[in-house]
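These notes are about the structure you will find just below.
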Amino acid sequence: QVHLVESGGGLVQPGGSLRLSCAAFGSIFSINDMGWYRQAPGKQRELVASVTSGGRKVYADSVKGRFTISRDNAEKMVYLQMSSLKLEDTAVYYCNAEVRTSILTRGHEYWGQGTQITVSS
């Protein structure tokens, strides 16, 4: 079994910064893509940023220039540094990873439990 555990959410004022962390635990052979998604009330879950095992990064247009994704392959962690936060960044943020549990298996997608980020004055 694989678990993703997020930390770092909370309440922040507009223009502020936060850093999210996500650690992967369990029976892990390798991790392909890792990323962050978010879901605001009444909206669909959307990709915020992702990073491949080789370090290629993708960002949603709405966060380009403000958010930075990074990962530590050795520690099986992914981070999201968020700055210049806006009211519309308020959402539950979910960690996501495609994990292979053995050399014989395909990658399967796993999700963290989600962490709330509220941007408010």
Side-chain angles (χ1 to χ4, degrees):
Q1 186 62 290
V2 174
H3 300 279
L4 302 180
V5 179
E6 301 124 334
S7 60
L11 174 65
V12 63
Q13 292 186 338
S17 298
L18 276 177
R19 186 186 193 223
L20 299 181
S21 300
C22 173
F25 297 96
S27 179
I28 298 171
F29 172 74
S30 65
I31 304 176
N32 298 330
D33 292 2
M34 301 185 81
W36 292 93
Y37 288 70
R38 67 185 180 188
Q39 187 166 18
K43 294 188 177 182
Q44 289 189 330
R45 191 173 297 188
E46 62 175 2
L47 173 70
V48 176
S50 67
V51 56
T52 68
S53 57
R56 184 171 63 85
K57 301 174 183 179
V58 174
Y59 294 95
D61 288 342
S62 59
V63 307
K64 283 180 181 176
R66 300 189 298 122
F67 291 10
T68 301
I69 190 170
S70 60
R71 67 187 279 176
D72 184 328
N73 291 328
E75 296 297 327
K76 300 182 182 63
M77 295 194 69
V78 63
Y79 306 94
L80 186 68
Q81 179 66 48
M82 303 177 289
S83 60
S84 302
L85 282 160
K86 304 176 180 180
L87 297 177
E88 52 264 39
D89 293 319
T90 296
V92 177
Y93 284 69
Y94 297 91
C95 178
N96 172 274
E98 184 182 3
V99 179
R100 295 177 67 191
T101 54
S102 81
I103 194 171
L104 300 176
T105 61
R106 296 168 46 206
H108 290 275
E109 194 172 40
Y110 293 88
W111 294 90
Q113 77 284 1
T115 185
Q116 176 71 47
I117 291 179
T118 301
V119 183
S120 175
S121 55

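In this structure, W111 and R45 approach most closely via the heavy-atom pair CE3-NH1, 3.2 Å. Minimum interatomic distance between Y93 and L20 (heavy atoms only, all atoms of both residues): CB-CD1, 3.7 Å. In this structure, N73 and S53 approach most closely via the heavy-atom pair ND2-O, 3.3 Å. Minimum interatomic distance between N32 and R71 (heavy atoms only, all atoms of both residues): O-NH1, 2.7 Å. The nearest pair of heavy atoms linking A49 to Y59 is CB-CD2, 3.6 Å. The minimum heavy-atom distance between L85 and L18, with the atom names listed, is CD1-N, 4.0 Å.
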Walk me through it: do M82 and R66 pass the test side-chain contact (heavy atoms from CB on, under 4.5 Å)?
CA-CA 6 Å; M82 303 177 289; R66 300 189 298 122; over 6 Å; no

Between T115 and S7, does a side-chain contact (heavy atoms from CB on, under 4.5 Å) hold up when you go through it step by step?
CA-CA 7 Å; T115 185; S7 60; over 6 Å; no

One pair to check against side-chain contact (heavy atoms from CB on, under 4.5 Å): I117 and D89. What are the steps and the verdict?
CA-CA 8 Å; I117 291 179; D89 293 319; 5.6 Å; no

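Looking only at distances, no side-chain donor or acceptor of S83 sits under 3.5 Å from a matching main-chain atom of S17. Here the side chain of Q13 pairs no donor or acceptor atom with the backbone of S121 at under 3.5 angstrom. At distances below 3.5 Å, at least one donor-acceptor pair connects side-chain atoms of R100 with backbone N or O atoms of T105. In this structure, the side chain of Q1 does not engage the main chain of G26 through any donor-acceptor pair within 3.5 Å.
Taking OG1 of T68 as the start and OH of Y79 as the end, the distance is 14.5 Å to the nearest 0.5 Å. Between atom NZ of residue K76 and atom CE of residue M34 there is a gap of 10.0 Å, rounded to the nearest 0.5 Å. To the nearest 0.5 Å, the span separating CD on Q116 from OG1 on T90 amounts to 7.0 Å. Between atom OG of residue S84 and atom CZ of residue F67 there is a gap of 9.0 Å, rounded to the nearest 0.5 Å. Interatomic distance, F29 CZ to T101 OG1, rounded to the nearest 0.5 Å: 10.0 Å.
Linking Ile, Leu, Val, Met, Phe, Trp and Tyr whenever their side-chain heavy atoms come within less than 4.5 Å puts V2 and V51 in one cluster. Y110 and I31 fall within the same hydrophobic cluster, where Ile, Leu, Val, Met, Phe, Trp and Tyr residues are linked whenever their side-chain heavy atoms come under 4.5 Å apart, directly or through other members. Hydrophobic clustering, with ILVMFWY side chains joined whenever heavy atoms are under 4.5 angstrom apart, groups V99 together with I69. L80 is connected to V12 through a chain of hydrophobic side-chain contacts under 4.5 Å among Ile, Leu, Val, Met, Phe, Trp and Tyr, so both are in one cluster. In this structure, L4 is not a member of the same hydrophobic cluster as M77, with clusters built from ILVMFWY side-chain heavy atoms closer than 4.5 Å.
Shown here is E88, whose CD atom has more than 12 heavy atoms of other residues, nucleotides or ligands within 6.0 Å. Residue I103 places its CD1 atom among 12 or fewer non-hydrogen atoms of other residues, nucleotides or ligands, all under 6.0 Å distant.
Taking a cutoff of 4.0 Å between a charged side-chain nitrogen and a carboxylate oxygen, K64 and D61 qualify as a salt bridge.
Each of N96, V63, V78 was evaluated against W36; a single residue qualifies, V78, per the side-chain contact (heavy atoms from CB on, under 4.5 Å) test.
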